[in-house]
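Chain naming here is simple, since letters A, B, ... match the order of the sequence lines and numbering starts at 1 in each.
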Protein chains: 2
Amino acid sequence: MDLSLEADKRIRASHRRMTPQRRIILETLDALDIHPTAEELLGRVQEVDSSIHLSTIYRTLRWLEAEGLVQARIFNDDRRAERFDPAAPGEHYHFVCQECHAVIEFNNLLVNAIKAQFELHTGARVDFGSVVLYGLCGDCRKALLAEAG
Amino acid sequence: MDLSLEADKRIRASHRRMTPQRRIILETLDALDIHPTAEELLGRVQEVDSSIHLSTIYRTLRWLEAEGLVQARIFNDDRRAERFDPAAPGEHYHFVCQECHAVIEFNNLLVNAIKAQFELHTGARVDFGSVVLYGLCGDCRKALLAEAG
DNA sequence: TCCTTATTGCAAATCATTTGCAACTATCAT
DNA sequence: ATGATAGTTGCAAATGATTTGCAATAAGGA
Ligand SMILES: [Mn+2]
Ligand SMILES: [Mn+2]
Ligand SMILES: [Zn+2]
Ligand SMILES: [Zn+2]
């Protein structure tokens with residue numbers, strides 16, 4: 001309901017067109033709480049309209065990315081594919097469970113300190129940072145302990 | 001000279017074979033200070049023996065990765081290709097200049113605090129972390145200031 | 001020196017994403 | 001409403017990155 005609305009606004013502002021395909025893709029993205037690959041998103045979208053093609057998914061995602069409404073990221077998980085993050089505005093960080101592949105978002109102000117220290121030490125300007133932690137999520141950790149421990 | 005030696009040791013320990021191709025690839029990796037893609041590494045390797053094939057590069061890199069002697073990472077730079085980091089043992093972090101695409105390594109103990117805080121808040125177990133900062137390196141920043149401002 | 005079997009080069013396959021194009025359709029001006 | 005204009009779609013083929021099957025080759029131990 002949020003990304004959908006903002007995208008709608010920007011489509012109207014430029015001379016683009018709101019098509020049924022785009023509407024379905026946007027609404028599907030809104031309803032998702034995960035970070036889907038293009039193919040995963042296609043699967044969800046095709047539950048509503050099975051004629052929508054993968055290339056339309058990509059074209060819509062790339063436009064949203066250019067608008068700053070989603071971010072594409074690649075995690076070091078099993079897939080080598082890009083995952084699309086609809087919660088774009090506002091930097092946040094990720095934990096990836098290497099067992100169940102769940103992605104958990106988090107925030108931590110210490111990242112700002114890391115950026116500042118790097119800038120001081122090197123004279124560089126840091127525009128944004130990516131932090132990804134890998135390990136076992138709470139659930140998988142419990143499951144492992146219960147089973148083998 | 002370092003990775004070469006360690007790899008040599010492990011080859012001898014298992015029942016693998018030290019071939020001239022592998023020796024050249026290992027020595028080239030040792031001499032590099034950058035984080036090459038497979039193709040970039042191939043270029044350097046072919047300066048010594050132009051008959052060495054890309055698939056041999058990949059096979060050697062994947063073996064080194066399995067041995068924990070290099071790490072494969074994907075940065076959000078212009079290429080979508082994996083970059084291979086020979087400085088594997090010991091976690092360290094990266095800055096990527098979005099102008100000249102230079103990669104600068106750094107370390108910061110605050111990352112440990114971030115990991116610890118995440119573990120406390122979620123009950124997860126964090127095994128390792130990836131931190132990549134993006135921006136303008138010191139040189140590119142100076143160049144930009146001198147030119148436009 | 002000979003055998004065994006790991007390794008190589010090459011071509012073809014696979015995976016993820018992009019692009020060209022003809023058919024289609026949203027939007028706007030009659 | 002109707003038609004013209006130009007953005008958009010589905011599909012197939014192209015591209016870029018990496019992997020795999022296979023026959024020929026060559027390490028390294030007997
Ligand atoms: Mn996210
Ligand atoms: Mn590194
Ligand atoms: Zn898990
Ligand atoms: Zn730079």
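Checking side-chain atoms of A:Thr28 against main-chain N and O of A:Ile24 turns up a donor-acceptor pair under 3.5 Å.
For A:Gln98 and A:Asp77, the side-chain atoms include no donor-acceptor pair closer than 3.5 Å.
By the 30° and 60° cut-offs, the orientation of the rings of B:His92 relative to B:His35 is tilted. Ring pair A:Phe84/A:Tyr58 is perpendicular by interplanar angle, where above 60° counts as perpendicular and below 30° as parallel. Ring-plane geometry between A:Tyr93 and A:Phe106 is classed as tilted, the angle between the planes lying from 30 to 60 degrees on a 0 to 90 degree scale.
Distance check, rounded to the nearest 0.5 Å: OG1 of B:Thr122 to CG of A:Leu133 gives 9.0 Å.
DNA chain D is contacted by both B:Tyr58 and B:Arg16; B:Tyr58 maps to the nucleotide lying nearer its 5′ end (nearest heavy atom per residue).
The shortest distance between the side-chain N/O atoms of A:Arg80 and the OP1/OP2 oxygens of D:dA17 is not below 4.0 Å.
With sequence neighbours excluded, the residues forming a side-chain contact (heavy atoms from CB on, under 4.5 Å) with A:Arg23 are A:Asp8, A:Met18, A:Glu27, listed by chain and number. Contacts of B:Asp49 classified as salt bridge (Lys or Arg N to Asp or Glu O under 4.0 Å), with partners at least two apart in sequence or in another chain: none. Judged as a salt bridge (Lys or Arg N to Asp or Glu O under 4.0 Å), and not counting sequence neighbours, the contacts of B:Glu40 are B:Arg83.
Atom NE2 in B:His15 sits roughly 14 Å away from atom P in D:dA30 (whole-Å rounding).
No hydrogens or angles were tested; on distance alone, nothing pairs the side chain of A:Arg59 with the base of D:dG7 as donor and acceptor under 3.5 Å.
Chain A approaches DNA chain C within less than 4.0 angstrom (heavy atoms of the protein), and the contacting nucleotides run 5' to 3' from C:dA16 to C:dT27.
DNA chain C lies under 4.0 Å from at least one heavy atom of each of the following residues of residues 18-25 of chain B: B:Thr19, B:Gln21, B:Arg22. Applying a 4.0 Å cut-off to non-hydrogen atoms, the residues of residues 38-57 of chain A that approach DNA chain C are A:Leu54, A:Ser55, listed by residue number.
Note on A:Arg44 versus A:Glu39: no salt bridge recorded, every NZ/NE/NH1/NH2 to OD/OE distance being 4.0 Å or above.
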